[in-house]
Structure formats: structure tokens, C-alpha cells
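The chain is numbered in sequence order, starting from 1. Remember, it's 1-based here, ligands and their atoms both numbered in the order they're listed. This structure is a prediction, so every number in the text was calculated from the model and none was measured.
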Amino acid sequence: MEMFDIKDAIELLSEKKISSVELTKNCLEKISSIDQKLGSMLYVDGKKALEDAKASDERRKSQSVLSDIDGIPVTLKDMILTKDMPTTASSRILEGYIPPYDATVVLKLKQAGAVILGKTNQDEFAMGGSNENSSYKPCFNPWDLTRTPGGSSGGSAASVSAEMCFSSLGTDTGGSIRQPAAYCGAVGLKPTYGRVSRFGIIAFASSLDQVGPISKSVTGTAAILSHISGFDINDSTSRNCSVPVFHKELSRNLKGKKIGVPEEYFCDGIDVAVKKSIFSIIDLLKKSGCEIENISLPHTKYAVPTYYIIATAEASSNLSRYDGIRFGPRVGDEKSLLELYERTRGELFGKEVKRRIALGTHVLSAGYYDAYYLRAQKVRRLFANDFKAAFSKVDLIISPTAPTTAFRIGEKIDDPIAMYLNDVYTISANLAGLPAISVPIGFDEANLPIGAQLTGRPFHEQEILNCAFHIEGELNLNLSPASLKS
Ligand code: GLN
């Protein structure tokens, strides 16, 4: 069966031209035929998925559908708690852990009737940008199996790109939804901080984390966002404000929209093909009636160091709960508590996670707190001010999602700084709490996808979705990776 977009699937389901069981079977067949070479799934429950699909088809027959996405098969990043499936964050320290409850986003998807196929591969505790920090297995880019799918939601983006599901939920602390979406030729959206509940999402850096959708199309991404958004009494950081039905309100009309181009984003380190591609989109937007304005985000050069101080500080605190007692397996003699802690954490956390805990503990320690953590928090305010000034002049900001297309597996793994620098375009939106989307805009000479990032004002997801929708409609790219067709 040729795979199609959620939009078509929704239509076909509602016209009863296809069943959820057929869609689900098709996804499961793809997973079993392709995923051995791709490595995007950590856990699949085909039996349960088919039961849920059957129940969805029954609801359709009896005219009691739960929502327009009732019966649509999706996957979930392994940072998202699922009460009937293991949730490991790709870490040995949570191996075999089955949470006692579902995350709010999972409940919402279930209440909407979506069919959950399984859990996706990722960097351990979402720390990384290539999926190479997974403790279980590598994940490969469906466009070129020698390259990374990006990270940390690499398995989510790869599962969408390889058409093993219609959408996947990822998490984004510094770019982990947008960057893998860009590398895999998919659409990925990080919502405004507070738009989507994080109750039941494994915490990495709580002041930055958000959960959001990755799909093949803007409509698919918008549809899932509509269903997972909203206030949650269980998440004190979720905002009580109205939620548009994003996918029903999509509009391609951009006339008079002001688009900002940050001058700091187009200097050293950016790939020629990426730069060229972004400028051709800027041209396209101009021709479509947008006003293009050069803007400045003067503190951009501090984004990477600021992020890596705040994120590691929060991670060191959040990860202190993994002690071998409360969750998952333990290593060591139970007669010595200290040894139990040391061995469990020493043997079951991976290298990058330990690096971050060490860094984060250092920047929070007495004597260094003011110099690093407090200073970083002050610089963070400057980013918010930069964006506030920019958004007094423009409606949205365009930039590359990442400086290059997907890099080769192994290329940056021994050089953490090079890996961290890759986040330069994505982390500002997290530091300032803004919504941002990555949309495919073309390919480089090696036929690897390129993504453009659109950043908007707080709670203006509709605005960035509309612009992405326009770009998608104008370009009409073929986003099916040929390598997986055979
Ligand atoms: N690459 C970034 C990091 O390693 C972002 C990760 C994320 O967004 N979860 O921290």
C-alpha cells in the first residue's frame, strides 16, 4: 500500500474507504520489514495496536468516533510514560521499567482514538543530537543509512520518514524535535513552553523541555498538536489558554506578513547548500506577498554556552532520582547504600549522561553557582529581550534548522563541542520559550533533506504552521526516501 498523509488517512477513514486495521497492519508490516536496518523502534506492541485499531473501526461503524484522528497509528519517543509499555529513555538505568501511569499526552491521544504502535529510539535521556547516545542500538537515517537521523528524537523522525507511522511524538529541550525532523525530511514542531502538558514526560531540563509532534506534513503535525495541547492540572507549567483547532485553521495566505531574517544566523559554519536553500525560500516568501526584514538577535553567540549550563544544571538535579532504589534495575550490595548508588549510576548511565551530570553539578556547586548558573540565567533573559524586540517588528523569524544536513554516524561522537555547536539555531527558542517548526525545503547534492525553521511569538503556533503550510504547498516535495523502497 502506498503510504499517504494523515489528511488523506482521515478522509479515507471517514469515508470508510479504508479501515484503521488496514492502516495499522500496513505500519506494522513496514516496521517488521524495514526497522531491522533502521533501528527506530525500541518497543512495538503489534497485538495491542491491532486490538485498538479494531475497536476504532467498531466505533466508526457505530457512528461513535472519538475524533478525526480516531484510528490513526502513531509512535512515541521513549521519554514519554506509557503504562502498558516499557519506558526507558534509551537508558540502561530504566531497562524494563513500566510506568504506573500514562503521560497526559498519551491519555489525550488515547482519548482521541489514536493507535499507539510503540516506543521510539532516542539519545539517552534526550541528551544528544544524533541518536548515537542510545544505550540500546543505533538508529540510521532513512535517506542514507550511513548517516544519523539526528537527535535526540531520532527514532521518532526516522519512523515517520520511513512511513512506519503517521506521526510521532518527540521531546525538544534544545532542538530534539526540529533537528531530526530536518535531517529526515519531516515536519517537526516544538510548541510554546506551557502549550502542551509535560505530566508524565521524563524530565531532562524542566525549564526548557516541551513535547510535540513530527509528521510528514504540516496538516498532520497541526492535527496532532490540536489533540495534545491544553491546560493540565497535573502540570503547573501548562498554560490555561484557548487552543485553536490548528489543522482546521490552516491558511496559505501570507500577504502582508513580516518575516525576520537574523543577520547573526548566516555566518561561519553554515553549509553552502543550506544557506542557498534558505535564501531561495526567503525569495519565495517575498513573491508570496511577505515583507522580509533583516533583524538582529545580538546575543546569539552566547546561546550554546548558556544552554549547556542551564540544561546540564537542571539535568543533574532531575537525574538524581535514578538511584537504583526508586526505578529500574540496581547494581551492588544492598548492605552498602553508597556502593549501591555509585555502582548503579556508574554502571548504568552512559558516557554523555555522566558528562552532563558532572558539568551540571559543577556549575551548581558552591563557589561556581554565581559565576556559571546565575550568570547563564541572566543571559537567558537577554535572549528573551532580543526576541521581544524582534517580534515588535516582525511576525515570525526564518532560519536554518541546523547548519548542515545529516552528518555521518561517528563523525562528531568524539567531539562533544562540535556536537553541541550543531544546536546553534534551535536552542534559542527553548531558552525564550517560543514555538518553532522545522519544515522541509529541499535537498543538498547528496539528496539529503534540508529544513527551514520558523519561530513565532509565544502561543502563535498557528502563524508558524500557516507559513510552513504555504512553503509546503509551493514546493510540493517528494518526501519518500527512495532507499527504503526495495
Ligand atoms: N542536542 C541538544 C542536547 O544535546 C538538545 C537535546 C534535546 O532537545 N533534547 O542537549
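- Of all the heavy atoms of Asp423, the ones lying under 4.0 Å from any atom of ligand 1 belong exclusively to the side chain.
- Heavy-atom proximity to Tyr307, at under 4.0 Å, picks out these atoms of ligand 1: 2 (C), 3 (C), 5 (C), 6 (C), 10 (O).
- Residues Lys30 and Asp35 are not paired through a salt bridge, judged by the lack of any N-O separation under 4.0 Å between the basic side chain and the carboxylate.
- A donor-acceptor contact closer than 3.5 angstrom links the side chains of Glu124 and Ser91.
- Under the 4.0 angstrom criterion for non-hydrogen atoms, Ala311 is not in contact with ligand 1.
- Atoms of ligand 1 found under 4.0 Å from any heavy atom of Gly128, numbered from 1 in the order shown, are 1 (N), 2 (C), 3 (C), 4 (O), 6 (C).
- The number of heavy-atom neighbours closer than 6.0 Å to OH of Tyr372, taken from other residues, nucleotides and ligands shown, is 12 or below.
- Salt-bridge annotation for Lys216 and Glu163: present, with a side-chain N of the basic residue lying under 4.0 Å from a carboxylate O of the acidic one.
- Checking Gln179 against Thr401 by side-chain atom types alone, no donor-acceptor pair falls below 3.5 Å.
- Atoms of ligand 1 lying under 4.0 Å from any heavy atom of Gly174, numbered from 1 in the order shown and given with element: 5 (C), 7 (C), 8 (O).
- At a heavy-atom cutoff of 4.0 Å, ligand 1 is contacted by the side chain of Phe204 but not by its backbone.
- The residues Glu463 and Lys257 are annotated as salt-bridged, a charged nitrogen and a carboxylate oxygen being separated by less than 4.0 angstrom.
- If you look at Glu352 next to ligand 1, there are no close heavy atoms at all, none under 4.0 Å.
- Residue Asp172 has at least one heavy-atom neighbour below 4.0 Å for each of these atoms of ligand 1: 8 (O).
- A salt bridge between Lys108 and Asp232 is absent, with no side-chain N of the basic residue lying under 4.0 Å from a carboxylate O of the acidic one.
- Within ligand 1, counting atoms from 1 as listed, the ones closer than 4.0 Å to a heavy atom of Ala126 are 6 (C), 7 (C), 9 (N).
- Sequence neighbours left out, the pairs with a member in residues 195-204 that pass salt bridge (Lys or Arg N to Asp or Glu O under 4.0 Å) are Arg195-Glu461, Arg198-Asp235.
- A side chain to side chain contact (heavy atoms under 4.5 Å, CB included) with Ser156 is found for one member of Ser168, Cys184, Cys139 and no other, namely Ser168.
- Near Ser152, meaning under 4.0 Å from one of its heavy atoms, ligand 1 places the atoms 9 (N).
- Within the structure, the closest approach of Arg356 to ligand 1 falls below 4.0 Å when heavy atoms are considered.
- If you look at Ser176 next to ligand 1, the close heavy atoms, those under 4.0 Å, come from the backbone and the side chain alike.
- For atom 3 (C) of ligand 1, the nearest non-hydrogen atom of the protein is Tyr308 OH, 3.3 Å.
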